[in-house]
Amino acid sequence: MPSACSSYLDDIEDIVSQDVNTARPMIHKGVVPHAKRSGKIVLAKPDFNSITPEKEIESNIPGTQTIYVKTWGCTHNSSDSEYMAGQLASYGYNVVTENGEHADLWLLNSCTVKNPAEDHFRNMISKAQSLKKHIVLAGCVAQGAPKQTYMQGLSIIGVQQIDRVVEVVEETLKGNSVRLLKQRKENGKKIGGASLDLPKIRRNPYIEIISINTGCLNSCTYCKTKHARGNLGSYPIAEIVLRAKQSFEEGVVEIWLTSEDTGAYGRDIGTSLPELLWALVEVIPYGCMLRVGMTNPPYILDHLEEMGKILNHPRVYAFLHVPVQSGSNQTLHEMRREYSRADFEQVVDTLRKNVPGISIATDIICGFLSKSQNDFDDTMTLCEKYKFPSLFINQFFPRPGTPAARLPQIHRQEIKKRTKRLSELFRSYEPYGHQLGKIQTVLVTEIAHDQVHYVGHNKYYEQVLIAMDENLMGKMFEVEIVETGKHFLKGKRRSSSIPVKPVIAEPVPLGCVSGDNHKKELNEETIQLSNEDKQNNLLKENHMFFIVIFLAFLLYFILKQFYT
C-alpha cells in the first residue's frame, strides 16, 4: 500500500487525561473523545539520559507526527488497518505504509493464524525498539495473547476498539503504555465492533472491504483466531447496506464482504447471509460487483439453494471460498470442524449444479495430528476429484494455547512430504484451458505486479490480465481470452465492446481519506521535511531570535536615553 496522493497511494474507552483540554477540536466528526475512561494506562518513567538535541525539538502537539502502519493477515485485518489509518489521517497525523524509518510511531496490526506470521510480527517489534520508535500493537496476536514477554510495556488496541486508535496513539506518543482490550457489547450482548461509518484510507480506491461480522461459532482445535475475535458478533443489515452505498458514492466499483465466517452472519441477531446479500444487491450500481467472503461448510449448508440464486445474479461474483481443511472424517473430527466430507461434497456439488462455472476455492492443512497415512490419502482423493482452481495449501503449526498444541505432533519432515505431494497434484492440472477463445465480461480494479497489465476479474472472479494500452481502470467490458495459465487468463478487449464506467463519482484518490471532506494529502514524499528544509527552518528561527534580541537592546537604550 504505497503512499502517493497527488490531488498519497499480506473494549476501550477514552483515555483522555484529566489535565488535557477535551474540547480540542477534531478534524473528523467520526473521531470524538469522551470523558469516560477505562482500561489500564501505565505512565512510563522518562529516561533523561536518552534525550538528544534532535529529540528535544520534536513536536509534542497531537496530530503532527508520522505514523507507520504495517499489516499482516486476512482482509478483515486489512479493513481494520484502513479504518485506523483513516482516523489518524483525519485527525492530522501523517500516515505511511512503505517506509517507517522516519516515522515517530509504528502501528503493527498482527495475524495469529500461523507461526511465521507471528514471527514476522515479533521481529518488527524488535526492529522498532532498536530504532527507538513508539509502538502500538493491534490485531489478533496482541488481542489473543497480550501477556507475551515481547509485548510487555507496549500499547495494545483491541480488535473491536479500532475507533479509538487516535487516543491510543496520542497517549503512546506521550510515553504512556495503554492496554484496552474489552469486547464491545450492547445490552450485555456482543456486537460486530466499531462503527462501519468511519473514515478510512483504502488500499485500493476501487475496492471497499466491509466486515459484516466478527468472531465465529466454531471452536476448532487448531485455531488461535477465536482467542482474539471471540464468538460471533454481527452488524445490522441496515448499517452494512449504508456503508456499501457510501462506498459506491465515493467511486468504489467492487465490494468485498469479509469476516472470520461470512456464512454464520446474522445467526446472533435473527437474520442470515442470504437476507443481507439480497439487500446489498438492491444498491449495487450497474458496472459494479460484490464478492462474498469465506464461509465454513456447516453454515452454508442451510442456504445452498438461496445462495445459488444470489451467486447467479449478474452483479455478484460466482465465487465462494469454502475451506475444507481435510478430506478425512477422522481428521475433521479431531479438528472439531462440525461437518463431514459428505457435507462438504454436498456444498460443492449443489453449487456447481446450480451456478454453472462457479469458482470454488478451498484450504487444506497438511500435517494435522492424524498419523494415519489413509487420512491424508482421503484428502488427496478429495482434491483430485474436484480439481479446485484455487487451493491454499498450509503446513500445520501448533499454536500456543490451542487444544491441538497439547497433543503429539507429526514430524516436520512428514508434514513437508505431504505438503509436497499435494502441491504436485495441484500443479498437475490446468484449470482454465477450456476457456481459451471465450468471450467474457471483466471488471478492472488494479494493476498487475509486472506493471504492464491491468488485473480484471470475470464473473467467476478468475484473474484476467489485460494490456495497459488504454484507460480501463474501474471499467467493465468484454474481452476475448487469448491465453491461459495455471493462475490466470489473458484477455484482449473486443473492439466492439465499449468500456462501461458506473454512473458514480470518481474514486477517492489513492491514499486519501474516504468520508473526509478535507481530502488530506498523505504523499509520503511530502511527509518528512528534507534536511535542507529543516536547516532553512532552523536558520529562520535563529534569525528571528537575533532580531528579537536586537530590538530588545534597542528599546533598552532608547528608554535609558529618555530617563537620563
Side-chain angles (χ1 to χ4, degrees), residues 73-80 111-114 139-140 143-144 159-160 183-184 189-193 196 209-237 239-240 255-277 280 290-304 306-307 310-311 316-317 319-326 332-333 335-340 343-344 346-348 350-351 360-365 388 390 392 394 399 402-404 461:
C74 63
T75 52
H76 197 163
N77 256 23
S78 295
S79 179
D80 286 351
C111 173
T112 194
V113 172
K114 302 178 188 177
C140 292
Q143 174 81 52
V159 295
Q160 282 201 295
Q183 287 191 345
R184 252 188 163 76
K189 187 176 182 179
K190 182 183 177 183
I191 61 174
L196 297 178
I209 306 172
I210 302 180
S211 303
I212 62 173
N213 56 268
T214 188
C216 65
L217 296 173
N218 273 24
S219 295
C220 302
T221 57
Y222 57 84
C223 182
K224 186 82 170 178
T225 305
K226 182 70 177 265
H227 295 198
R229 298 281 183 178
N231 291 321
L232 183 67
S234 301
Y235 287 95
I237 289 178
E239 188 173 351
I240 297 169
I255 284 182
W256 298 356
L257 302 184
T258 186
S259 75
E260 284 64 59
D261 189 346
T262 59
Y265 170 79
R267 289 179 176 239
D268 57 323
I269 57 174
T271 185
S272 67
L273 180 63
E275 289 184 55
L276 168 64
L277 296 178
L280 284 169
L290 172 69
R291 191 190 83 173
V292 182
M294 184 275 289
T295 176
N296 284 311
Y299 309 113
I300 199 68
L301 276 168
D302 296 340
H303 309 301
L304 284 178
E306 200 68 10
M307 286 300 298
I310 293 167
L311 295 173
V316 180
Y317 285 118
F319 165 83
L320 207 57
H321 179 193
V322 189
V324 64
Q325 307 300 7
S326 174
L332 292 173
H333 174 72
M335 291 177 169
R336 284 195 212 149
R337 290 290 287 170
E338 300 183 8
Y339 59 88
S340 65
D343 291 333
F344 176 77
Q346 181 185 350
V347 170
V348 177
T350 303
L351 289 177
I360 296 178
T362 196
D363 298 1
I364 297 292
I365 296 177
F388 300 102
S390 295
F392 303 101
N394 305 290
R399 302 296 290 128
T402 62
Y461 202 69

Hey, are [Y] and [X] close enough side-chain-wise for a donor-acceptor pair under 3.5 Å?
X: Ser234; Y: Asn213; result: no
X: Lys190; Y: Asn231; result: no
X: Tyr299; Y: Asn218; result: yes
X: Glu275; Y: Thr271; result: yes

* To do: Before giving the answer on side chain to side chain contact (heavy atoms under 4.5 Å, CB included), spell out for Ile364 and Gln325 the whole-Å C-alpha distance, their side-chain angles and the decisive distance to 0.1 Å.
  => CA-CA 4 Å; Ile364 297 292; Gln325 307 300 7; 5.6 Å; no
Given side chains that start at C-beta, do those of [X] and [Y] come closer than 4.5 Å, heavy atoms only?
X: Arg267; Y: Ser272; value: no
X: Leu290; Y: Leu277; value: yes
X: Thr295; Y: Leu320; value: yes
X: Val322; Y: Val348; value: no
X: Ile310; Y: Pro274; value: yes

For [X] versus [Y], what's the shortest heavy-atom pair and its separation?
X: Ser211; Y: Tyr235; result: O-CD1, 3.2 Å
X: Leu257; Y: Leu280; result: CD1-CD1, 3.8 Å
X: Pro298; Y: Arg337; result: CG-O, 3.7 Å
X: Val159; Y: Ala228; result: CG2-O, 3.8 Å
X: Leu273; Y: Ile212; result: CD1-CD1, 4.1 Å
X: Pro297; Y: Phe344; result: CG-CD1, 4.0 Å

Got a second to check how far [X]'s [atom1] is from [Y]'s [atom2], nearest 0.5 Å?
X: Asp261; Y: Lys226; atom1: CG; atom2: NZ; answer: 10.0 Å
X: Phe392; Y: Met294; atom1: CZ; atom2: CE; answer: 11.5 Å
X: Ile191; Y: Ile269; atom1: CD1; atom2: CD1; answer: 10.5 Å
X: Ser219; Y: Arg336; atom1: OG; atom2: CZ; answer: 7.0 Å
X: Ile240; Y: Leu196; atom1: CD1; atom2: CG; answer: 6.5 Å
X: Ser259; Y: Tyr265; atom1: OG; atom2: OH; answer: 10.5 Å

Taking [Y]'s backbone N and O only, do any of them form a donor-acceptor pair with [X]'s side chain (distance below 3.5 Å, no angle check)?
X: Glu260; Y: Thr214; answer: no
X: Lys189; Y: Gly233; answer: no
X: Ser390; Y: Ala361; answer: no
X: Thr75; Y: Ser78; answer: no
X: Thr350; Y: Gln346; answer: yes
X: Gln143; Y: Arg229; answer: no
X: Ser79; Y: Ile209; answer: yes
X: Gln160; Y: Arg184; answer: yes
X: Asp343; Y: Ser340; answer: yes
X: Thr112; Y: Lys224; answer: no

* Audit row: Val324, Asp363, side chain to side chain contact (heavy atoms under 4.5 Å, CB included) steps and yes/no -> CA-CA 6 Å; Val324 64; Asp363 298 1; over 6 Å; no
* Parallel, tilted or perpendicular: rings of Tyr461 and Tyr317 (30°, 60°) ->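 It falls in the perpendicular class, over 60°.
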* Apply side chain to side chain donor-acceptor pair (under 3.5 Å) to Tyr222 and Arg399, showing your working. => CA-CA 7 Å; Tyr222 57 84; Arg399 302 296 290 128; over 6 Å; no
